[in-house]
Undergrad: 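Can you read through this structure? Questions will come right after.
Just so it is clear, the values below take in all heavy atoms, side chains as well, and ignore hydrogens, waters and symmetry mates. The sequence lines fix the lettering, A, B, ..., with proteins before strands; numbering per chain opens at 1. The structure displayed is predicted, hence computed values, not measured ones.
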There are 2 protein chains.
Amino acid sequence: MKLTTKGRYAVTAMLDLALHANDKPISLADISARQDISLSYLEQLFSKLRRQGLVDSVRGPGGGYRLSRECGDIHVAAVIDAVNESVDATGCQGANGCQGGETCLTHHLWSDLSEQIHGFLTSITLADLVARRDVQRVALSQVQRSAEPSPLHFVS
Amino acid sequence: MKLTTKGRYAVTAMLDLALHANDKPISLADISARQDISLSYLEQLFSKLRRQGLVDSVRGPGGGYRLSRECGDIHVAAVIDAVNESVDATGCQGANGCQGGETCLTHHLWSDLSEQIHGFLTSITLADLVARRDVQRVALSQVQRSAEPSPLHFVS
DNA sequence: TAAAGTCCGAGTAATTTAGTCAAGTATTAG
DNA sequence: CTAATACTTGACTAAATTACTCGGACTTTA
């Protein structure tokens, strides 16, 4: 489990996707403009998100991406893991003198700690984030142009 | 809140300190040998840990470091924050068009998320980690030379 | 006074992050 | 059919961070 700005970009982009979910897919150019993330960087991220089955892509004009499932079924941990790819535990891979040695102290401790954080982030879904009031307030300014009524209902 | 191998090194070193806590301070050379972390890198990390008041140093021969407080009073979050230093929130600092704009979506979301993770790691102390059975088993081989009885009691 | 240790700063290789560029391929509007 | 749109892929690059080295201080104990 790694927690860097890369994962933050991915979560932000996925949240943008969840907020603007209509019938139409969302183009990366739209997300790039709204969230101020470089288009090419988004391409890299979504390439991984698609390979992990978190989003579906629609090619051609009017195409773009949409969430593969309901946002309540997409966990934050899955998004972060998707873009961080290297899921190879914590460095020591059994081989070099790790058995009962000093390195395992690190290994067990950290893998357990990051497992707990992972579990924590697994308990949060995109739907939970959408439901947050702060997000909704900001999102209001972003959907003001939207023709169809937003799926959000703003809790006071 | 950032979660990288740097913080892992720091937590590991602090845990080593907690496990080998006698009356004598522990030298970085010992930690370097036991945990296989470069001595000079440890010096950098402990320089920050000392400036944050997490450890006390004793100079001269026979010197070294010891925890500044009981390990039950040292939170994992504090250790990680100490070595990561830049606690400047999440990039956007109010100034450039952040007011109600698009960037704030990222800002609020992520700062809240990392605040929750921070809270989670604050709830874990070095004492909690020491108490873990996995750690104790591995630690056994490391304290076998210790003259005095280890403060650990091994739960079956 | 000599050895063992902490301190401190500069410098550096490797890795990761973030981004660019350039070419593809697929699809739909017209 | 054609052209515009947009995804897809890969290689490449600049900047930042990580991990580490080196050389030299300073401090204290034996």
Undergrad: Starting at NZ of B:K2 and ending at C1' of C:dT17, how long is that distance when rounded to a whole Å?
TA: 11 Å

Undergrad: Quick check against the 3.5 Å criterion: does B:D128 have a side-chain atom that pairs as donor or acceptor with the backbone of B:T125?
TA: yes

Undergrad: Check the distance between D:dT9's P and A:L28's CG and give it to me in whole angstrom.
TA: 13 Å

Undergrad: Closer than 4.0 Å, any side-chain N/O of A:R50 to the OP1 or OP2 of D:dC7?
TA: no

Undergrad: Strictly distance-based, threshold 3.5 Å: is any side-chain N or O of A:R51 a donor or acceptor partner for the main-chain N or O of A:A82?
TA: no

Undergrad: What is the distance, to the nearest angstrom, from the CD1 atom on B:I26 to the P atom on C:dA4?
TA: 18 Å

Undergrad: In whole Å, I'd like the distance from the CG atom of A:L42 to the C1' atom of D:dT8.
TA: 14 Å

Undergrad: Quick one: is C:dC7 close enough that its OP1 or OP2 comes under 4.0 Å of any side-chain N or O from B:S57?
TA: yes

Undergrad: What pairs of residues pass the ring-ring contact (aromatic ring centres under 6.0 Å, His included) test when at least one of them lies in residues 49-73 of chain B, not counting sequence neighbours?
TA: B:F46-B:Y65

Undergrad: What integer distance in Å separates B:D56:CG from D:dT27:C1'?
TA: 16 Å

Undergrad: Between A:S47 and A:E43 (side chain of the first, backbone of the second, donor and acceptor by atom type, cut-off under 3.5 Å), is there such a pair?
TA: no

Undergrad: Report the distance from atom CG of B:D30 to atom C1' of C:dT6, rounded to the nearest whole Å.
TA: 14 Å

Undergrad: Are any non-hydrogen side-chain atoms of B:D81 and B:Q52 less than 4.5 angstrom apart?
TA: no

Undergrad: What is the distance, rounded to the nearest whole Å, between atom CG of B:N84 and atom P of D:dT18?
TA: 6 Å

Undergrad: Could you walk me through whether B:V58 and B:K24 pass side chain to side chain contact (heavy atoms under 4.5 Å, CB included), step by step?
TA: CA-CA 10 Å; B:V58 180; B:K24 306 272 181 194; over 6 Å; no

Undergrad: Find out if a path of hydrophobic residues (ILVMFWY) with successive side-chain heavy-atom gaps under 4.5 Å connects B:F120 to B:L129.
TA: yes

Undergrad: Tell me which residues in residues 62-70 of chain A lie within less than 4.0 Å of DNA chain C, going by non-hydrogen atoms.
TA: none

Undergrad: With no hydrogens and no angle check, is any side-chain donor or acceptor of B:T122 less than 3.5 Å from a backbone partner on B:A77?
TA: no

Undergrad: I'd like to compare against my own output: the B/S/- annotation of nucleotides 18-28 of chain C with a strict under-4.0 Å heavy-atom distance to protein.
TA: BBB---BBSBB

Undergrad: Does B:D16 reach the main-chain N or O of B:I31 with its side chain, forming a donor-acceptor pair under 3.5 Å?
TA: no

Undergrad: Roughly, in whole Å, what's the span from NZ in B:K24 to C1' in C:dA4?
TA: 14 Å

